[in-house]
Amino acid sequence: MIEFRKVSYTYPKSQTPVLRGLSLEIPEGSFVLVIGPSGAGKSTFLRTLNGLVPRFYGGRWSGSLRVAGLDPVEVGSEGMAEAVGFVGQDPEAHFVAETVEQELAFTLENFGVPRPLMRKRVEEVLDQLKLSALRHRRIETLSGGEKQRTAIASVMTLQPKVLVLDEPTSQIDPQGAEEVLTLLRQLNEDLGLTVVVSEQRLERVAQYADYILAFPGSGEPPVWGHPRDVLAEVDYVPPLVALGKALGWQPLPLTQKEARKFASGISIPENGSHDTPPKGEVAVRLEKVHFGYGDEDVLRGISLEIRYGEVLAIMGRNGVGKTALLKLVVGLLKPRKGQIERWAGGSRLGDSLDEIIQVVGYVPQDPTAIFFSDTVREEIAFTLRQHGLPTAPPKAIVDALALEHVLDRYPRDLSGGEKQRAAIAAMTAHDPDVILMDEPTRGLDYLIKEELTNFLRSKAAKGKAVVMATHDTELVGKCADRVVILGNGEVVADGPVREVMTGSMVFSTQINKLFHSPRFLTVEDVLSWVG
């Protein structure tokens with residue numbers, strides 16, 4: 001089905017190959033998970049499958065590649081479209097029509113499919129992907145998981161033999177992620193579709209894979225094999241596997257069910273730990289805040305305090321208002337009703353955006369929204385200059401976010417994870433008193449996520465207020481002091497991280513779901529208990 005023969009590829013203006021002598025055969029009907037550190041070559045590998053690399057990006061290519069009997073280098077992405085369905089990191093970038101049904105039809109219209117056949121294909125895909133009830137919905141009103149399913153449906157109308165997805169769950173909540181991954185497995189099993197998925201949150205997808213292709217980075221050759229064999233070799237593994245490796249569990253567990261037979265031998269502490277979040281001074285107070293788009297309120301009477309010296313996680317399903325809440329705090333949006341009060345240095349701030357951004361740093365969900373300079377170094381320098389500070393990138397930030405090798409690169413040419421880290425550095429270089437981050441781990445591997453955790457914890461230890469809107473339960477379990485869960489526009493839970501996450505069917509870590517104890521949120525918690 002897919003055959004690489006000594007494939008090497010180097011991007012324009014680069015001296016280092018991203019792919020180096022890659023030889024690999026992927027059997028037809030396989031479910032393949034592609035993993036590795038940010039910038040190791042995962043997205044590049046995926047783009048070779050539909051001809052975007054090298055036809056669109058240019059650069060130096062050698063070797064041969066066959067996908068579903070075609071040569072992507074020869075026919076390009078247009079020639080591969082009917083054989084390979086490709087869904088990138090941002091599903092919204094795919095959409096051109098207003099409604100779900102129109103989006104599916106648009107793809108077929110581009111390929112001149114006769115109208116009777118078009119109607120049949122659209123109807124079949126709507127049923128297959130459980131989108132029939134959404135056929136007339138405007139795409140902008142869909143949840144993150146529904147948008148991802150719509151993006152998949154739009155390429156499935158062409159009946160491809162291979163479906164390629166780049167981090168399909170990076171922007172959606174745990175429920176939406178489960179829906180998408182269950183759908184992919186169903187397409188793989190029922191239709192015999194070859195599925196190739198790149199993903200950083202391995203705890204969500206490792207159990208679905210037939211094979212894993214791991215790109216270690218640093219010029220090392222990729223590792224290919226069955227999931228347990230590959231995860232036993234690499235360092236970036238989901239928490240269950242990390243615990244299994246540390247305690248010598250064999251075979252390595254990929255699911256909660258597989259891990260429970262080992263976990264049953266570990267005693268649970270009788271006295272649960274309910275850490276009390278630090279009680280610093282109030283940085284921001286929201287009083288009965290309402291906000292909405294159009295006629296409908298997204299936030300309905302939210303009351304919330306953000307305090308200095310704590311890491312606060314805002315969680316909830318897609319569309320509950322997490323991003324709106326952050327934008328209200330930084331002053332990019334104004335509430336319909338209610339009040340927002342902000343303090344810095346014991347003094348209350350005004351409501352002007354210019355005054356607020358002197359002490360509040362906001363990192364948006366889409367990092368490219370803030371990029372306008374030619375290099376990462378210049379992006380950081382611009383922020384520092386605006387605050388009257390020396391423009392050299394702070395070494396502490398560069399080291400914490402592993403950015404030294406990309407400081408002189410064009411930000412928009414970076415990998416997804418590198419873009420995210422560059423945006424964090426650019427928006428926090430002036431050391432703001434309040435740090436707001438929207439999905440900060442999008443595109444980040446486990447090792448960089450650990451560095452980000454240390455970075456944010458160090459900021460809180462210095463008295464900064466850190467707020468992150470996220471679906472990343474593992475990050476919250478390691479990093480947060482306090483969790484607020486939003487639902488139906490209201491605060492449905494607000495408390496210490498161990499108290500709120502324990503027993504949650506959705507907003508909990510792999511380790512906590514395994515032991516159901518507030519003492520155990522992370523691998524480190526368990527290892528410290530068993531000695």
Taking the side chain as every heavy atom from C-beta outward, state whether [X] and [Y] have any atom pair closer than 4.5 Å.
X: Glu379; Y: Phe372; result: yes
X: Val196; Y: Val34; result: yes
X: Pro269; Y: Phe520; result: yes
X: Leu332; Y: Leu353; result: yes
X: Val363; Y: Pro440; result: no
X: Thr99; Y: His136; result: no
X: Leu231; Y: Leu254; result: yes
X: Leu304; Y: Leu325; result: yes

Considering all heavy atoms of both residues, which atom of [X] and which atom of [Y] are nearest to each other, and what is their separation?
X: Ala493; Y: Val500; answer: CB-CG1, 4.2 Å
X: Leu384; Y: Pro390; answer: CD1-O, 3.3 Å
X: Ala344; Y: Leu349; answer: CB-CD2, 4.1 Å
X: Gly36; Y: Asp445; answer: O-CB, 4.1 Å
X: Arg317; Y: Phe507; answer: N-CZ, 4.2 Å
X: Ser373; Y: Pro411; answer: O-CD, 3.6 Å

Under 4.0 Å between a Lys/Arg side-chain N and an Asp/Glu carboxylate O for [X] and [Y]?
X: Arg498; Y: Asp525; value: yes
X: Lys478; Y: Glu524; value: yes
X: Lys449; Y: Asp472; value: yes
X: Asp351; Y: Lys334; value: no
X: Glu341; Y: Arg285; value: yes
X: Glu146; Y: Arg137; value: yes

Please confirm whether the backbone N or O of [Y] pairs with a side-chain atom of [X], one donor and one acceptor, at under 3.5 Å?
X: Thr383; Y: Ala426; value: yes
X: Gln256; Y: Gln510; value: yes
X: Ser352; Y: Glu355; value: yes
X: Arg442; Y: Pro367; value: no
X: Lys322; Y: Ile485; value: no
X: Ser508; Y: Met501; value: yes
X: Glu499; Y: Pro496; value: no
X: Arg300; Y: Asn488; value: yes
X: Glu103; Y: Ala97; value: yes
X: Ser154; Y: Ala151; value: yes

Using the salt bridge (Lys or Arg N to Asp or Glu O under 4.0 Å) rule, take Arg482 and Asp494 through it: C-alpha gap first, then chi angles, then the decisive distance, then the call. CA-CA 7 Å; Arg482 178 174 145 229; Asp494 181 355; 2.8 Å; yes
If you measure from [atom1] on [X] to [atom2] on [Y], what distance do you get to the nearest 0.5 Å?
X: Lys459; Y: Ile397; atom1: NZ; atom2: CD1; result: 5.0 Å
X: Leu521; Y: Ile511; atom1: CG; atom2: CD1; result: 9.5 Å
X: Lys13; Y: Tyr410; atom1: NZ; atom2: OH; result: 10.5 Å
X: Ile370; Y: Met427; atom1: CD1; atom2: CE; result: 5.0 Å
X: His94; Y: Phe86; atom1: NE2; atom2: CZ; result: 7.0 Å
X: Arg47; Y: Lys42; atom1: CZ; atom2: NZ; result: 11.0 Å

Go through Val506 and Met315 one step at a time and tell me if the side chain to side chain contact (heavy atoms under 4.5 Å, CB included) criterion holds. CA-CA 10 Å; Val506 178; Met315 306 188 77; over 6 Å; no
Which one of Glu178, Glu167, Glu439 satisfies the salt bridge (Lys or Arg N to Asp or Glu O under 4.0 Å) criterion with Arg201?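 Only one option passes, and that is Glu439.
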Take Asn512 and Thr502, measure what side chain to side chain donor-acceptor pair (under 3.5 Å) needs, and give me the verdict at the end. CA-CA 6 Å; Asn512 187 260; Thr502 298; 3.2 Å; yes
Please assess Asp173 against Val320 for the test side chain to side chain contact (heavy atoms under 4.5 Å, CB included), listing each intermediate value before the final yes or no. CA-CA 11 Å; Asp173 56 65; Val320 297; over 6 Å; no
Ring geometry between Phe45 and Phe215 (parallel below 30°, tilted from 30 to 60°, perpendicular above 60°):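 Correct class here is tilted.
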Working for salt bridge (Lys or Arg N to Asp or Glu O under 4.0 Å), residues Asp481 and Arg457: CA-CA 10 Å; Asp481 299 302; Arg457 292 299 322 163; 3.0 Å; yes
Donor-acceptor side-chain pairing of Thr44 and Tyr11 below 3.5 angstrom: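 Result is yes, a qualifying pair exists.
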Check step by step if side chain to side chain contact (heavy atoms under 4.5 Å, CB included) holds for Glu474 and Tyr446. CA-CA 10 Å; Glu474 303 301 331; Tyr446 287 111; 5.7 Å; no
Evaluate the side chain to side chain donor-acceptor pair (under 3.5 Å) criterion for residues Thr169 and Glu199: first the C-alpha distance (whole Å), next the side-chain angles of each, then the deciding distance (0.1 Å), finally the verdict. CA-CA 8 Å; Thr169 73; Glu199 188 57 76; 2.9 Å; yes
Step-by-step side chain to side chain contact (heavy atoms under 4.5 Å, CB included) determination, Val237 to Leu202: CA-CA 7 Å; Val237 295; Leu202 307 189; 5.5 Å; no
Do other residues, nucleotides or ligands put more than 12 heavy atoms under 6.0 Å from the OH atom of Tyr293?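 More than 12 within 6.0 Å, yes.
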